[in-house]
Trainee: 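Sharing a structure, written as structure tokens. Questions coming.
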Amino acid sequence: EAKRQGRNDFAHFSPLLEQRSRERLQLRQDLERALENGEFLLHYQPLVDMQTGRIIGAEALIRWQDPQKGLRSPAEFIPFAEESGLILPIGEWVMEEAFRQAQRWASQGLDLRVSINLSTRQFQSPSLILKLESLLQECPLARRHLELEITESAAMLDPRASIRTMNLLKSLNLRIAIDDFGTGYSSLSYLKHVPADVIKIDQSFVRDLIDDPDDAAIVRTIIALARCLGCECLAEGIETAEHFEALREMGCDYGQGYWMSRPLALPAFEELLQRNPCFMPADQNPLAGLS
Ligand code: C2E
Ligand code: MG
Ligand code: MG
Ligand code: MG
């Protein structure tokens, strides 16, 4: 019975599998074309100082301007790129673009942090450090501003190797952020050895912060932990003034989220910078109502 069922299942799923593998082949070809034709771009989402409400930098987030399908988000292609190894050339493009942008901003006298995401494979790649060294030669002003984000789960795949790599990154004087913190499985004794500059609190804890006392407790604890470890902390996914206010009261250093701004194309981000906005819920802003 089981055998027959198994055969049936196979017969049933086979066309689906076939379609899946056709789609994957197509995606691979499209991504290779995208690399060749320069179809990728970076969007920039403001990182905000929660005490002053000012923009202190941006997270660079990849987008794909697909001539057929329009603007595509990383969820549509980063997982496949990671699986297939295409993430290495794509990730190199991201690093080059972000370093050059950081160099341009620094040479205009702007003091902006530029944070980029490293995929697991990139982080584990033996050529990462050499690539960074050569980019730093090309973009010497970028060094003070660049931050590399590694997810907690990626760091935990090979904890000892991760610490070695992070120490090498620190020896280049680059900043390190632990991304999506709270969703991985790091232990306190491990964290003690992680040379991170920033801990980024995963947005899943921020979402229900106001209504769920457990999430609020977790966020408070992560903020306290960051402080004890001598790290800054940043909350992701701030979608409302209430989120902002609660996190500010908890002493969270930085924040990022739709309430302040979505990720923006470069011209829109620079326009926003020009306006030098102060993100602060109205009733907390000492200047509110004065002007
Ligand atoms: P991430 O690094 O955790 O980036 C934050 C994601 O949360 C971004 O999604 C951002 O648009 C989104 N976000 C920001 N504020 C809010 C908010 O208030 N509410 C909600 N619901 N979402 C918010 P995005 O740009 O779609 O990127 C998704 C993920 O794709 C990133 O998560 C990162 O893991 C990956 N990714 C993005 N760019 C790159 C890249 O250049 N290289 C690599 N390897 N991965 C990347
Ligand atoms: Mg990130
Ligand atoms: Mg994140
Ligand atoms: Mg995330």
Side-chain angles (χ1 to χ4, degrees), residues 31 34-35 39-48 50 55 57-65 71-102 113-125 128 131 146-155 157 175-184 196-210 219 222 233-244 246-247 252 254-266 268-269 279:
L31 282 170
L35 269 167
E39 295 169 17
F40 294 113
L41 67 160
L42 293 180
H43 277 187
Y44 295 89
Q45 185 176 36
L47 307 176
V48 172
M50 308 228 21
I55 297 174
E59 177 171 4
L61 295 155
I62 194 169
R63 300 290 182 263
W64 174 10
Q65 190 64 63
L71 196 65
R72 300 176 72 174
S73 72
E76 293 178 59
F77 62 91
I78 289 290
F80 175 76
E82 175 87 13
E83 242 177 85
S84 64
L86 282 169
I87 194 65
L88 290 176
I90 294 173
E92 284 208 355
W93 178 85
V94 171
M95 289 195 282
E96 287 162 11
E97 186 73 8
F99 271 74
R100 286 172 194 157
Q101 190 55 56
R113 182 183 300 177
V114 179
S115 203
I116 64 177
N117 294 282
L118 289 187
S119 77
T120 309
R121 283 227 206 186
Q122 250 181 309
F123 181 61
Q124 293 175 341
S125 158
L128 174 68
K131 178 70 195 176
L146 245 297
E147 179 172 275
L148 303 173
E149 300 191 4
I150 299 131
T151 64
E152 185 193 7
S153 341
L157 286 177
R175 297 173 51 88
I176 298 176
I178 304 298
D179 203 357
D180 301 347
F181 188 83
T183 61
D197 299 278
V198 192
I199 287 180
K200 298 188 76 169
I201 306 172
D202 191 69
Q203 54 189 55
S204 59
F205 304 113
V206 173
R207 192 176 307 128
D208 299 323
L209 173 70
I210 306 300
V219 169
I222 299 176
C233 63
L234 180 148
E236 305 187 285
I238 298 178
E239 293 191 348
T240 65
E242 289 72 34
H243 286 156
F244 189 102
L247 287 156
C252 189
Y254 303 105
Q256 151 182 20
Y258 295 168
W259 184 68
M260 292 84 98
S261 167
R262 299 207 164 232
L264 301 170
L266 181 62
F269 178 73
F279 297 101

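By convention here, the first residue in the shown sequence is residue 1. Both counts, for ligands and for their atoms, begin at 1 and track the order of listing.
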Trainee: Out of Q256, R63, R72, Q203, who is nearest to atom 12 (C) of ligand 1 when you count heavy atoms only?
Mentor: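 It is Q203 whose heavy atom sits nearest to atom 12 (C) of ligand 1.
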
Trainee: Apply salt bridge (Lys or Arg N to Asp or Glu O under 4.0 Å) to E239 and list each qualifying residue two or more places apart in sequence or on a separate chain.
Mentor: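 Scan of E239 (salt bridge (Lys or Arg N to Asp or Glu O under 4.0 Å), adjacent residues dropped) gives none.
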
Trainee: Contact between ligand 1 and A75 is defined here as a heavy atom of the residue under 4.0 Å from a ligand atom; is it met?
Mentor: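 Not so, A75 does not reach ligand 1.
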
Trainee: Out of H43, E236, Q45, H243, whose heavy atom is nearest to atom 15 (N) of ligand 1?
Mentor: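 Heavy atom nearest to atom 15 (N) of ligand 1 belongs to Q45.
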
Trainee: Got a sec, which residues hit salt bridge (Lys or Arg N to Asp or Glu O under 4.0 Å) with D197, two or more places apart in sequence or on another chain?
Mentor: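 With neighbours one apart ignored, the set is K170.
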
Trainee: Against heavy atoms of V94, which atoms of ligand 1 measure under 4.0 Å?
Mentor: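 That gives atoms 41 (O) of ligand 1.
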
Trainee: With a cut-off of 2.8 Å, does T151 put an N/O/S atom close enough to the Mg ion (ligand 2)?
Mentor: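 It does not; every qualifying atom lies at 2.8 Å or beyond.
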
Trainee: Which ligand 1 atoms does I238 reach within 4.0 Å, using its non-hydrogen atoms?
Mentor: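 Ligand 1 atoms under the 4.0 Å threshold to I238: 18 (O).
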
Trainee: Taking 4.0 angstrom as the limit and counting only heavy atoms of P263, give me the atoms of ligand 1 inside it, by number and element.
Mentor: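 Counting from 1, the qualifying ligand atoms are 11 (O).
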
Trainee: Among Y258, F279, W259, whose ring-ring contact (aromatic ring centres under 6.0 Å, His included) with F244 holds?
Mentor: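 With F244 as partner, Y258, F279, W259 yield a single ring-ring contact (aromatic ring centres under 6.0 Å, His included), made by W259.
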
Trainee: Quick one: which ligand 1 atoms are inside 4.0 Å of a heavy atom on D180?
Mentor: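 Here the atoms of ligand 1 in question are 3 (O).
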
Trainee: Quick check: of its N, O or S atoms, which one does E149 have closest to the Mg ion (ligand 2)?
Mentor: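 Of the nitrogen, oxygen and sulfur atoms in E149, the Mg ion (ligand 2) lies nearest to OE1.
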
Trainee: Is it true that K131 and E92 make a salt bridge, defined as a side-chain N closer than 4.0 Å to a carboxylate O?
Mentor: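 So K131 pairs with E92 through a salt bridge.
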
Trainee: State the atom name: nearest N, O or S atom of E59 to the Mg ion (ligand 2).
Mentor: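 The closest N, O or S atom of E59 to the Mg ion (ligand 2) is OE2.
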
Trainee: Of the listed options (F77, F40, Y258, F123), which comes nearest to atom 13 (N) of ligand 1 when hydrogens are ignored and any heavy atom counts?
Mentor: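 Looking at heavy atoms only, the winner is Y258.
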
Trainee: With the Mg ion (ligand 3) at the apex, how many degrees lie between OD1 of D179 and OE2 of E236, rounded to 10 degrees?
Mentor: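 With the Mg ion (ligand 3) as the vertex, OD1 (D179) and OE2 (E236) sit 100° apart.
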
